[in-house]
Trainee: 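Below you will find the structure I want to go over with you.
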Amino acid sequence: MRRFGWRVLAVIFGALMLSGLAIPANAESGDRISEFVISYTIRADGTVEVVEDIEYVFAGSDRHGIYRTLITRQPFGDGSDRDVVYEVRDIEVSSPDAPDEWRKSNGGEGFRTTWLALQIGDPDETLTKSTARYRIRYLLDGALRTVDGVPELYWNATGLDWDAAIDHVRVSVGGPAGVTSISCYQGRAGSTQACQTRTESGAAVAEARDLAAGEGVTIAVQVPAGSVANAEPTVVPGGSLLRAARVSPLTVGGTALTLLLALWAAVSTRAANRDQRYAGVAPGTIEPTAPVETDTLEEDRIPVRFHPPDVPPALGGVLLRSSAAARATPAALIELAHAGALTIEAVPDAAKEYEKTGGVRRTATARDLSKAPSDYSVAFAERLFEASRTITLDNPDDADQKRFQEASAALVQEVSKAPTERGWRTRGGPPRTLLYLLLGLAAVILLIVLSFAVLQAGALLYLGPLLLAGIALIVAIVFWANGHRTAEGRALTDQVLGFRRYIETAEARTLRFEEGQDIFSAFLPWAIVFDLAERWQKVCAELAAEGRIPDTPHWYSGPAFYSTFSSPGATFGESLSASVTSASADTSGSSGGGFSGGGGGGGGGGSW
């Protein structure tokens, strides 16, 4: 039995190896690159000549040399269904003080990222010196792109996967007619910290110092339009399982069998984690003394609710669905405004840069934060206005965007965990759920063993079934980890569902409320978390035109409210959600707005 267990482990290990999950090289902790000089020469035909001079300082005494990886294929931008391919050719390696024989191999991650690995050194010879210098020369095709008619090299020069710290990096880029602009970023992936840049003899030069392992340098250099004949990347359809795998009756059958077994585990887990409900009381009623039963009530039997639920909007949103946490920030802003904690001012934009916001730029100013209506909105407001009493809502500058990111991240985290902390949702499913998961996992392992034993033609033959089963098992794990709503949580969710139906179906002519009440502002946070802000404003615009509600919310100042924010997608709540979500995200652009690790290329290296 023990021997069989080792065989199973060996089969799984072999399957992972064949699937392209490479084992990391035996890097030495404490290695350094004292000097890393990279020269890019852009030729008139679009080819880039690259020379890398690396002075490597080894931490250990048992090293043979270094390895260098270069990305050769990667997705063509976030969310793209296409890949960009780079050709690395005519490679030359030399060293004045270490063995410079080299071998190349190819690796990859998934189906869309591949790299070329250069292993430099003699496996039969251990280095006697702690420092060695290496020069790597190669030609690069497909690295350039064209931005607004201007050729550009936006390139992850060092790569972010070095196991060694880098003391000094110098990157130079020259073109057939000089360069017109240069940007440089250093640090970990996503960093916008600028490097030192300058021009020397018509070439762009960038320098960075004291980079830790895992940090790198990205450059963005433009050359004069027309100076390069071919400045377009090589773009191909995105890599996928269907393109990489070979389809046969056995693999299709295995996929179906494994997927059915995993789906059975997911469905069983979901059934075991059904919500609870108070028995014998109307949906939405909280009655702690009532008996509790498993929820079997159909959603369409939950009655319409004509007033807000007994929870704040952001918390009600995550009770309904976890993705609603992303809309907590704009909802909290309107909550604060309606309560009198802040005001929002809209200023006409003469340059017409803000067409999607009705041609205005909005700012929020703190007034009396003690009026914040809930604990989470108090904490959010204090973080947002800690440094300044006014913050820009549309296209904020770097300082305002950082405040948005910090305040929004804390808010989303707080509202996401609130249902569990307040006892509205359990932390996990019943013990038998674990049994279902283990049975599904056992089925996947069994398929791997059988596939490896019967189909030795390649791991991709069974990678499809494995991935599909993995997705189903992840669904099962999510159901298990999310737990289920308690009877109280189910009652509050019923209230939220009933009120959402009211916002979805309300018509101006049928609404009944106290005349003069600003029903628009009171219910707008809920409309935002329900993703119904545009519909709600259209309904309330009719009420305002009839004089039944104020034509301007009390917290707003600027151009006429309902006429300024009237076009589809530019209603106040919808455009505010878009602006605030953008400000809360950690986004970066390209030249002049790039980041470390951006652009094409990449890779890294270490010692062996």
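If you read the sequence from its start, that first residue is 1, and numbering goes on from there.
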Trainee: If the test is side chain to side chain contact (heavy atoms under 4.5 Å, CB included), which one of Ile33, Asp31, Thr131, Asp167 qualifies with Val57?
Mentor: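 Of the listed options, the one satisfying the test is Thr131.
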Trainee: Quick test of your reading: applying ring pair (Phe, Tyr, Trp, His ring centres under 6.0 Å), list the pairs with at least one residue in residues 204-233, sequence neighbours left out, ordered by first then second residue.
Mentor: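 Matches after skipping sequence neighbours: none remain.
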Trainee: How long is the straight-line distance from CZ of Arg32 back to OG of Ser130, given to the nearest 0.5 Å?
Mentor: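 Nearest 0.5 Å value for the OG-CZ distance: 9.0 Å.
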Trainee: Hey, could you give me each pair passing disulfide bond (SG atoms under 2.5 Å apart) that has a residue in residues 193-235? Not counting sequence neighbours.
Mentor: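 Matches after skipping sequence neighbours: Cys184-Cys195.
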Trainee: Is there a donor-acceptor pair closer than 3.5 Å between any side-chain N or O of Arg103 and the backbone N or O of Gly121?
Mentor: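 A pair under 3.5 Å: yes.
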Trainee: Nearest heavy-atom pair of Ala132 and Asp97: which atoms, and what distance?
Mentor: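 Where Ala132 meets Asp97 most closely, the heavy atoms are CA-OD1, 3.7 Å.
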Trainee: Looking only at non-hydrogen atoms, find the nearest pair between Leu144 and Gly46 and report the distance.
Mentor: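 So the minimum-distance heavy-atom pair works out to CD1-O, 3.6 Å.
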Trainee: Got a second to check how far Arg170's CZ is from Gln196's CD, nearest 0.5 Å?
Mentor: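 Reported to 0.5 Å precision, the distance equals 12.0 Å.
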Trainee: Are side-chain N/O atoms of Glu52 and Tyr134 paired as donor and acceptor at under 3.5 Å?
Mentor: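 There is no such pair between these side chains.
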Trainee: Does His64 reach the main-chain N or O of Glu125 with its side chain, forming a donor-acceptor pair under 3.5 Å?
Mentor: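 Yes, the answer is positive, given that a donor and an acceptor are paired below the 3.5 Å cut-off.
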Trainee: Under 6.0 Å from the CD atom of Glu101, do we count more than 12 heavy atoms belonging to anything else shown?
Mentor: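 Check passes, neighbour count above 12.
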Trainee: Would Arg73 and Val236 satisfy side-chain contact (heavy atoms from CB on, under 4.5 Å), going step by step from the backbone distance to the final call?
Mentor: CA-CA 10 Å; Arg73 177 177 182 148; Val236 298; 3.7 Å; yes
Trainee: Does the side chain of Val221 come within less than 4.5 Å of Trp155's, by heavy atoms?
Mentor: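 No, side chains not in contact.
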Trainee: Would Ile42 and Val223 count as a side-chain contact (heavy atoms from CB on, under 4.5 Å) if you check the C-alpha gap in whole Å, the side-chain angles of each, and the deciding distance to 0.1 Å?
Mentor: CA-CA 9 Å; Ile42 301 174; Val223 298; 4.0 Å; yes
Trainee: Applying ring-ring contact (aromatic ring centres under 6.0 Å, His included), name anything that partners Phe380, two or more places apart in sequence or on another chain.
Mentor: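 In terms of ring-ring contact (aromatic ring centres under 6.0 Å, His included), with neighbours along the sequence ignored, Phe380 is linked to no residue.
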Trainee: Using modelled atom types and a 3.5 Å cut-off, is there a donor and acceptor pairing between side-chain atoms of Arg112 and backbone atoms of Arg82?
Mentor: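 Checking the backbone N and O of Arg82 against the side chain of Arg112, a donor-acceptor pair under 3.5 Å is found.
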Trainee: Do the non-hydrogen side-chain atoms of Ile71 and Trp115 ever get within less than 4.5 Å of each other?
Mentor: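 SC-SC contact between Ile71 and Trp115 confirmed.
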Trainee: Check Glu49 with Arg137, please: is the shortest side-chain N to carboxylate O separation under 4.0 Å?
Mentor: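 Here Arg137 pairs with Glu49 in a salt bridge, since their nearest N and O are under 4.0 Å apart.
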Trainee: I would like to know whether Asn106 and Thr114 meet side-chain contact (heavy atoms from CB on, under 4.5 Å); could you show each step before the answer?
Mentor: CA-CA 7 Å; Asn106 297 298; Thr114 62; over 6 Å; no
Trainee: Would you compute the distance between atom CD1 of Ile66 and atom CG of Asp163 and round it to the nearest 0.5 angstrom?
Mentor: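 Between atom CD1 of Ile66 and atom CG of Asp163 there are 11.5 Å.
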Trainee: Looking only at heavy atoms, which two atoms of Val84 and Pro75 are closest? And how far apart?
Mentor: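 Between these two residues, the closest heavy atoms are CG1-O, 4.4 Å.
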Trainee: Can you list the steps and then say if Leu70 with Leu140 is a side-chain contact (heavy atoms from CB on, under 4.5 Å)?
Mentor: CA-CA 10 Å; Leu70 301 167; Leu140 191 58; over 6 Å; no
Trainee: Any chance you could measure Leu576, atom CG, to Arg327, atom CZ, to the nearest 0.5 Å?
Mentor: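 Between atom CG of Leu576 and atom CZ of Arg327 there are 10.5 Å.
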Trainee: With salt bridge (charged side-chain N to carboxylate O under 4.0 Å, His left out) as the criterion, how do Glu92 and Arg135 come out once you've worked through the C-alpha distance, each side chain's angles and the decisive distance to 0.1 Å?
Mentor: CA-CA 8 Å; Glu92 299 177 7; Arg135 169 168 284 191; over 6 Å; no
Trainee: Among Thr41, Asp141, Asp90, find the one that has a side-chain hydrogen bond (donor to acceptor under 3.5 Å, both in side chains) with Thr47.
Mentor: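 So, applying the side-chain hydrogen bond (donor to acceptor under 3.5 Å, both in side chains) to Thr47 and each of Thr41, Asp141, Asp90, only Asp141 qualifies.
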Trainee: Under a 3.5 Å distance rule, please check whether Arg403 uses its side chain to pair with a backbone N or O of Leu384 as donor and acceptor.
Mentor: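 The answer is yes, because a donor-acceptor pair under 3.5 Å joins these two groups.
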Trainee: When rounded to the nearest 0.5 angstrom, what distance separates CG in Leu118 from OH in Tyr138?
Mentor: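 One gets 8.5 Å once the value is rounded to the nearest 0.5 Å.
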Trainee: First locate atom CD of Glu87, then atom OG1 of Thr234, and finally report the distance between them rounded to the nearest 0.5 Å.
Mentor: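 It comes to 8.5 Å.
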Trainee: Holding to side-chain hydrogen bond (donor to acceptor under 3.5 Å, both in side chains), I want the full list of residues that pass it with Thr392, two or more places apart in sequence or in another chain.
Mentor: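 For Thr392 the side-chain hydrogen bond (donor to acceptor under 3.5 Å, both in side chains) partners, ignoring immediate neighbours, are Asp400.
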Trainee: If you define the side chain from C-beta out and look only at heavy atoms, does anything of Ser183 sit under 4.5 Å from Thr197?
Mentor: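 No, every pair of side-chain atoms sits at 4.5 Å or beyond.
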Trainee: Mind checking whether Trp608 and Pro123 have side chains closer than 4.5 Å, heavy atoms only?
Mentor: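 Of all side-chain heavy-atom pairs linking Pro123 with Trp608, at least one is under 4.5 Å.
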Trainee: Could you list the residues that satisfy ring-ring contact (aromatic ring centres under 6.0 Å, His included) with Phe36, not counting sequence neighbours?
Mentor: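 Here the qualifying residues are Trp162.
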Trainee: Answer with yes or no whether the side chains of Thr126 and Asp62 bring together a donor and an acceptor at under 3.5 Å.
Mentor: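 Not at all, the side chains of Asp62 and Thr126 share no donor-acceptor pair under 3.5 Å.
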Trainee: Going through the distances and angles, do Asp394 and Arg362 end up as a salt bridge (charged side-chain N to carboxylate O under 4.0 Å, His left out)?
Mentor: CA-CA 6 Å; Asp394 302 304; Arg362 292 167 291 193; 3.0 Å; yes
Trainee: Identify the heavy atoms of Asp100 and Val93 that sit nearest to each other, and give their distance.
Mentor: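 For Asp100 and Val93, the tightest heavy-atom pair comes out as O-CG1, 3.9 Å.
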Trainee: What are the two closest heavy atoms between Arg188 and Glu215, and how far apart are they?
Mentor: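 Nearest pair, atom of Arg188 first, then Glu215: CG-CG, 3.6 Å.
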Trainee: Tell me whether Trp102 contacts the main-chain N or O of Ser94 through its side chain, where contact means a donor paired with an acceptor under 3.5 Å.
Mentor: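 Between the backbone of Ser94 and the side chain of Trp102 there is no qualifying donor-acceptor contact (under 3.5 Å).
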Trainee: Please report the closest heavy-atom contact between Ala177 and Pro224, naming both atoms and the distance.
Mentor: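 The answer is O-CG, 3.5 Å.
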Trainee: Any side-chain to backbone donor/acceptor pair from Thr180 onto Gln222? Under 3.5 Å, distance only.
Mentor: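 Here the side-chain-to-backbone pair exists.
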Trainee: Take Arg198 and Glu207 through the test salt bridge (charged side-chain N to carboxylate O under 4.0 Å, His left out) and record every step on the way to the result.
Mentor: CA-CA 9 Å; Arg198 64 182 184 277; Glu207 292 189 77; 2.6 Å; yes
Trainee: Where the side chain of Gln74 meets the backbone of Gly601, is there a donor-acceptor pair that is under 3.5 Å apart?
Mentor: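 Yes: the side chain of Gln74 pairs with the backbone of Gly601.
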Trainee: Strictly distance-based, threshold 3.5 Å: is any side-chain N or O of Arg68 a donor or acceptor partner for the main-chain N or O of Gly605?
Mentor: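 Answer holds: no.
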Trainee: Under the side-chain hydrogen bond (donor to acceptor under 3.5 Å, both in side chains) test, which residues partner Glu232, sequence neighbours left out?
Mentor: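 Only Thr146 meet the side-chain hydrogen bond (donor to acceptor under 3.5 Å, both in side chains) criterion with Glu232.
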Trainee: Is a side-chain donor or acceptor of Ser172 paired with a backbone partner of Val205 at a separation under 3.5 angstrom?
Mentor: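 Between the backbone of Val205 and the side chain of Ser172 there is no qualifying donor-acceptor contact (under 3.5 Å).
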